[in-house]
There are 2 protein chains.
Amino acid sequence: MPTESTTGPAPRRRGHSPKRKAVLDAATAEFLAHGFAGTSMDRIAEAARVSKRTVYDHFPGKDALFQAIADEILARISDMPEHVYAPERPLEAQLLAIGHTFAETITDAEFMDLSRVVIARFIQRPSMAENTLKAHRRLRRDMIALLAAGKKDGRLSLRSPEMAAAQLCGLIKELAFWPQLTAGQEPLSTRARRAAVRSAVGLFLDHYGVRDA
Amino acid sequence: MPTESTTGPAPRRRGHSPKRKAVLDAATAEFLAHGFAGTSMDRIAEAARVSKRTVYDHFPGKDALFQAIADEILARISDMPEHVYAPERPLEAQLLAIGHTFAETITDAEFMDLSRVVIARFIQRPSMAENTLKAHRRLRRDMIALLAAGKKDGRLSLRSPEMAAAQLCGLIKELAFWPQLTAGQEPLSTRARRAAVRSAVGLFLDHYGVRDA
DNA sequence: GCTCGACTACACTGCACAGTGTAGTATGGC
DNA sequence: GCCATACTACACTGTGCAGTGTAGTCGAGC
């Protein structure tokens, strides 16, 4: 064991070189296209036109590389407006707004690819999958808060804001997300996506909305 | 190449012995618990208290073994009543009936485990995932037909039966299926499941139902 | 001109796993 | 007794892949 070789088992590079970006880009493409298990470090190195050693010089291992990519994509996608209940605005408009944001987020091509990969990777350890794809958790929280506020304000007649939020999301996801993810269906056009949200909000308000308000 | 050894490259056993069942049982448990990639043929053999050779004597390979198991579980689960539109019965009751069947099917523990594994395995090739889990496709067809009939009968006011069916399913799945599958949530109690279906049908009819009928 | 950090090329270890080949054992029917 | 069937034990091939070790190249700054 020649342990005195250089500096021991620490990462050998730290700077943010152009090669690092090449690796990240190549790895993103490979992971999103072929999944975690279906992508080898050799392929990534080859695609990045970089030696395998360089990959390991910038990232400690496959998992770390994948995590870095997932984090980066999620950060890019999670850059969305907050949705806070506004008593003076019509409820329908507010529900449409958050619904559209939700639908846009989950139909984003990169989010879908990432979902595919993360779900394939972590579905055996479900907690991690939900944890990693927290982008839409944040929106779900906003939605629950909005529904709770609308209820308190007497404009919605519902028991559980959590359940109602799930229903609203389910209405949208079953049209705009799951068919594309698990059945290879083409992504919804903007037009169709917006129609799906309008329909979902229509169903929602016909049931939970209070007549006069 | 000693090709004259026994009989060439054909499967060596054909009978339905008790060992075959042991292999199937063990493989079912292993696959459902650890997924396709997470299960090795050695583990299956060990769990079945059988030599590895015996596994290969009954099944040509890992894929075939998995397919046999998936088919068997799906056959068991797909054994469900047909739901055909009955003009004389109240629509609500009919929607509740098919909704409850749907919810029962997808909340079945074995169906969920199988879904997990199949989704993890085939989500990169989405067509296969939908194809394998056809159990709920059959119900979806029934549901679409039922909605189309209800529309023709003037009891439902909707454009697309396909879209409406998706919405009804989405309302149920987002409460009773996906949280359990991807977030490790406890399965819904029978009581909660039935409440979810009633709520979904309520939302559905408040929007799509025709007032008088 | 030398050094140092980033990088390459490539050989190599170690592992897990699918699938095979084969010699040998136990059992029941003839 | 004999033979076939079902099965075991186990060694073995081949492959794909994560991760490492190392000698050497190249360019920038001193």
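Every value quoted in this text rests on a predicted model; they were computed, and no experiment measured them. Note on naming: letters A, B, ... go to the chains in the order of the sequence lines (proteins, then strands), and numbering restarts at 1 for each one.
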Residue pair A/Val84 / A/Leu146, side-chain heavy-atom distance below 4.5 Å: no

Check each residue of residues 28-50 of chain A for a non-hydrogen atom within less than 4.0 Å of any atom in DNA chain D, then write out the ones that pass by number, or none. A/Thr39, A/Ser40, A/Met41

Taking donor-acceptor contacts at under 3.5 Å, does the side chain of B/Lys62 reach the base of C/dG19? no

For a salt bridge (Lys or Arg N to Asp or Glu O under 4.0 Å) check, start with the C-alpha distance between B/Arg121 and B/Asp63, then their side-chain angles and the critical distance, and finish with the verdict. CA-CA 11 Å; B/Arg121 178 153 166 63; B/Asp63 300 81; 2.7 Å; yes

To the nearest angstrom, the NZ-P distance between B/Lys52 and C/dA16 comes to 13 Å

C/dT8 phosphate, OP1 or OP2: any side-chain N/O from A/Lys19 under 4.0 angstrom? yes

Euclidean distance, atom CG of residue A/Asp63 to atom P of D/dA18 [Å, nearest integer]: 10 Å

N/O (side chain, A/Thr54) to phosphate O (OP1/OP2, C/dT8) under 4.0 Å: yes

Show me the donor-acceptor pairs within less than 3.5 Å that the side chains of residues 191-200 of chain B make with the rest of the protein, sequence neighbours left out.
from	atom 1	to	atom 2	distance (Å)
B/Arg193	NE	B/Thr107	OG1	3.4
B/Ser199	OG	A/Gln167	NE2	2.8

Please check the phosphate of C/dC7 (OP1 and OP2 only) for any side-chain N or O of A/Ser17 closer than 4.0 Å. yes

Could you pull out all residues at least two apart from B/Phe102 that satisfy ring pair (Phe, Tyr, Trp, His ring centres under 6.0 Å)? none

Mind calculating the distance between CG (A/Leu65) and P (D/dA18) to the nearest angstrom? 11 Å

Could you tell me how far apart A/Arg53 (CZ) and C/dT8 (P) are, to the nearest whole angstrom? 12 Å

Tell me: OH of A/Tyr56 to C1' of D/dG21, nearest whole Å? 14 Å

Between CZ of A/Arg20 and C1' of C/dA6 the distance, given in whole Å, is 14 Å

Check the distance between C/dA9's P and A/Asp57's CG and give it to me in whole angstrom. 14 Å

Indicate yes or no: at least one non-hydrogen side-chain atom of B/Phe66 is less than 4.5 angstrom from one of B/Phe59. no

As an exercise, state the distance from OG1 of A/Thr28 to CD of A/Glu110, rounded to the nearest 0.5 Å. 7.5 Å

Does A/His58 have a side-chain nitrogen or oxygen under 4.0 Å from the phosphate oxygens OP1 or OP2 of C/dC7? yes

Side chains of B/Asp71 and B/Gln67 only: does a donor on one sit below 3.5 Å from an acceptor on the other? yes

